[in-house]
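Below, read A as the first sequence line, B as the second, and so on, with proteins coming before strands; counting in each chain starts at 1.
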2 protein chains.
Amino acid sequence: MTIKDIAALCGVSVSTVSRVLNNHPDVSAQVRSRVMEVVQANHYIPSNSARDLVRTRSDAIGLVVRGTANPFFAEVLKTMEAKVTEAGYTMVLHQIGTCDDELQAGAMLERDKKLRGLLLLGGRSDYAKNDVAALNVPFVCCTYDNSYGTLGEEEYSSVSIDDEQEACRAVKSLIGKGHRRIAALISARNDRSISELRYGGYRRALKEAGIALDETLVEETGSFQMPEAYEAMERLLKRTGEFTALFAISDAMAVAAIKALDDAGRRVPEDCSVIAIDGITMSAYTLPTLSTLIQPADQIAAEAVRILVDRIEGRAAGRHVQVATILRPGRSVCVNQE
Amino acid sequence: MTIKDIAALCGVSVSTVSRVLNNHPDVSAQVRSRVMEVVQANHYIPSNSARDLVRTRSDAIGLVVRGTANPFFAEVLKTMEAKVTEAGYTMVLHQIGTCDDELQAGAMLERDKKLRGLLLLGGRSDYAKNDVAALNVPFVCCTYDNSYGTLGEEEYSSVSIDDEQEACRAVKSLIGKGHRRIAALISARNDRSISELRYGGYRRALKEAGIALDETLVEETGSFQMPEAYEAMERLLKRTGEFTALFAISDAMAVAAIKALDDAGRRVPEDCSVIAIDGITMSAYTLPTLSTLIQPADQIAAEAVRILVDRIEGRAAGRHVQVATILRPGRSVCVNQE
DNA sequence: CTGAAAGCGCTAACAC
DNA sequence: GTGTTAGCGCTTTCAG
C-alpha cells in the first residue's frame, strides 16, 4: 500500500494525499476527511525511507545512547527529549550497545535523518581528528569529554562532571571521617575513560593526604555490572580485609560490593564505609542507602541541549561545561571506628 | 556525498561502487580496493533511506521494546539478538516509551525495514482485530498475551509466564509459611494487564486458603517505579500495620517497599516477609536479597524467536507458550513469627 | 567484469 | 484547491 494506492482509492492525486498527510492547509475539508478515512481504513503508513530521502533538511536532533543498561542515561534522556522539543526541534533516539561505535552510529543517523546536530550520551574519551571527521553537524559529548583524545577545544563540545576531581572529593570525604585504609573498586586501571579518570582522583586524594597508595586495596571488575562487581569484591576480601572504607566508581558497583561485604560478615557502614559516584534512583532505595555523589542528570541534559542548539543556530563555538556533583548522604558512610 | 560522487572520484560507474559496498563478487580486486580507499577517505556512508526504499525484501526481524527503563527487558533483548542471528536473520531494534503504541511502532518498522516478522517485548494485553490489522507479518507478544483482548488464538503468538497463576503461587508460598494477613503492592487494580492479572492471582490464593480479601491491605502505586512504590508503601503503613507479609507485583517495587518498611521501623523478613515476581539482577544484590519468582529471560527469548521463525518459514500457525517461573529464594521471607 | 537506466515512495515546486 | 512531474540516493536488471 503506497500513497499512489490511497490516491487512486480516493480519486485524487498523490500530491493531495501528501498534503493531507502533512497537514498542509490548502486542501478542502471534504477531500481531507475522505482521504483520512481511506488512510485509516487501509492502515496505510507512509514510508519514512521515502520521506527521509526526499526531505533535504529537517529539524531533527539525534541522540545516540551508548549502553542501554545504564540506568543513569534513562534519566538524562527524558530531560533531553523535553528540552529538545522545547527548543523547537524533534528528537531522534538511537540506542547502541557498549561495544558499538557511537561516532559511526551518529554519522549514519545524521545521514539518514538529515540531522541538525547530535547528542552523544556515553562514549569514548579518546577521539582523534579523523574519527570525528565523519560528523558534519555540531555534536555534544554528554557525561564524558576528550581527556585522552587529540581534539582541540574548538572541535567539539562537552558536558560532564570532572570525574577526576569528583572522585578525589569522594575519597577525601572518607579521609575526613578518619579513614586511611581505603579500598577502591574500579572497572579498569587504564580504560582511557571514566574508570581511569576516577581512579586517578582516588590516587590524588590519597597522595594529598599523605597516604601511600596500596595496590592490594585496588580491585578491577572489568565491567560496570553488579555480578562482576560482587565477584571483584569477593576477590578483594579474600586477599585482604585491612580497610575501613571503600570507594566504588559507580553506584551499581557499590551496591553489589555492599552485598559482598555483608556476605563476608562485614557490616556497612560499621565495619566498612562505602561511597560512590552516580546517584541513580535505585541506590537510594537499597539498605543501607548509598552515600554517593550524584551527577545532576537534569542539569547535564539541559546544558547539553542548550550548547547544541546554540551551535546549530550559530551562536557559539565548541563549549565545555563541567557540572558539579551533589552529595547525597546515605547510610553507608560513618566515622572510622577503629 | 553520494554514491555518485564516489563513482566520479573513482572514475567508475555507480553500479560498480554499489557492488563493492555490498560485497558482490564480480568486481576486480583492483577496482574494489580503489573504491574502498575513496569511501574511507571521504567518510562516505550509504543512505539507509535509499537502500531500504529500493530493497523489496529483507532478512530482518524487528524487535519493538516498550519501556526502556525495564531492566528485565535488557536481559531478554540480549538473548533474542543472539537467537535471531543464529537463525540467519538480522535484528532491527526499536525502543519506545511506555506511553507509545507498540503496534504502530511495529507497523512503521515493518514498512520501513521490510520486516519478515516482529517481536513485541512488553505491550498491551487488549488488542482487537482491527489493532493488529496494521501488521502484515507474523508477530510474537513477549512477556504478555491477550488476556483482555478479542483476538483468536490463531491470530497471534505469545510467550509469557502465567501471571495469574504465578502470582497465586507466590502468595500461596507466603500462606504456606503461616502468613494470613498478606498485603499487596500493585500498580493498578484494573490496568487490563500485568498488574490486574497478578492481583487476580493474589485474590485467588487468599480465596483458596479461606482468607477473606481485605482491601485495606492493597495499595496501588500507579506505576512500576521505585519512588512511587515507596510512597505507596508509606500510605499503606500509615493506614494499617496489620500484616505480616507483602506481595509486590515486581522486583523493583518490592525493593522500594522493603526500604519503606525499614524506614518505618519494621525489619524484613522478621516483621514482614516480602515476595515478588520478576527476578531482575539488581534484586539479588540488595539487602536482604529478595525472594522472587524469576521469569526465565533466556527461555522467553529463545521460545519467542523459535515461534516467530517457524511462522515466517510457514511451519506453524499462532502458538502460545507459557513458561514457568523459578523460585529464587532470597532472605526476604520467613515463617510467620506472630 | 562494467555501465546505463529503471524505478523504490515520497515531497515540493510548478502549472492550471 | 488540485494535478503533474522532477528528482532524493540507491539497487538491480539488462546489455555489452
Mark yes or no for whether A:Asp310, through its side chain, and A:Ala316, through its backbone, hold a donor-acceptor pair below 3.5 Å.
no

Using five base pairs at each end, measure the axis-to-axis angle across the helix from C:dC1-D:dG16 to C:dC16-D:dG1 and round it to 10 degrees.
40°

What is the distance, to the nearest angstrom, from the NZ atom on B:Lys114 to the P atom on D:dT11?
13 Å

Min side-chain heavy-atom separation A:Asn22-A:Arg51 under 4.5 Å:
yes

Using OP1 and OP2 only, check whether a side-chain N or O of A:Ser49 sits under 4.0 Å from C:dC10.
no

Candidate nucleotides C:dT2, D:dC10, D:dC8, ranked by approach to the side chain of B:Asp26 - the nearest
C:dT2

For residues 30-41 of chain B, which residues have at least one heavy atom under 4.0 Å from DNA chain D?
none

Between B:Arg311 and B:Pro138, the two heavy atoms sitting closest are CB-CB, 3.8 Å

In short, B:His43 meets A:Ala133 closest at the heavy-atom pair NE2-CB, 3.3 Å

Whole Å only: how far is the CG atom of B:Asp52 from the P atom of D:dC8?
19 Å

Checking contacts here: which listed nucleotide (D:dG9, C:dC10, C:dG3) is nearest the side-chain heavy atoms of A:Leu53?
D:dG9

How close do A:Leu109 and A:Gly62 get, heavy atom to heavy atom, and via which atoms?
CD2-CA, 4.1 Å

Without decimals, in angstroms, what is the distance between A:Lys4 NZ and D:dG3 P?
15 Å

Using only side-chain N and O atoms of A:Thr16, determine if any of them is under 4.0 Å from OP1 or OP2 of D:dG3.
yes

What closest approach, in Å, do B:Val76 and B:Ala301 show between heavy atoms, and which atom pair accounts for it?
O-CB, 3.6 Å

Between C1' of D:dG9 and NZ of A:Lys113, the distance in whole Å
15 Å

Here's a test of your reading of the structure: between B:Ser28 and A:Asn48, which maps to the more 5' nucleotide of DNA chain C?
B:Ser28

Contact check, side chains of A:Leu308 and A:Ser157, non-hydrogen atoms, under 4.5 Å
no

Out of curiosity, A:Phe224 CZ to A:Ile194 CD1, how far, rounded to the nearest 0.5 Å?
6.5 Å

Closest approach of A:Ala302 and A:Lys83, non-hydrogen atoms and distance?
CB-CE, 3.9 Å

Please work out which of the three classes, parallel, tilted or perpendicular, describes the rings of A:Tyr156 and A:Phe139, given edges at 30° and 60°.
parallel

Reading nucleotides 11-16 of chain C from the 5' end, what letters show protein touch, with B for base, S for backbone sugar-phosphate only, - for no heavy atom under 4.0 Å?
BBB---

Distance below 4.0 Å between B:Ser13 side-chain N/O and C:dG3 OP1 or OP2:
yes

Nearest heavy-atom approach of A:Ala50 to B:Leu53 is CB-CD1, 3.8 Å

Assign A:Arg111 to base, sugar-phosphate, or nothing according to its heavy-atom contacts below 4.0 angstrom with the strands shown.
sugar-phosphate

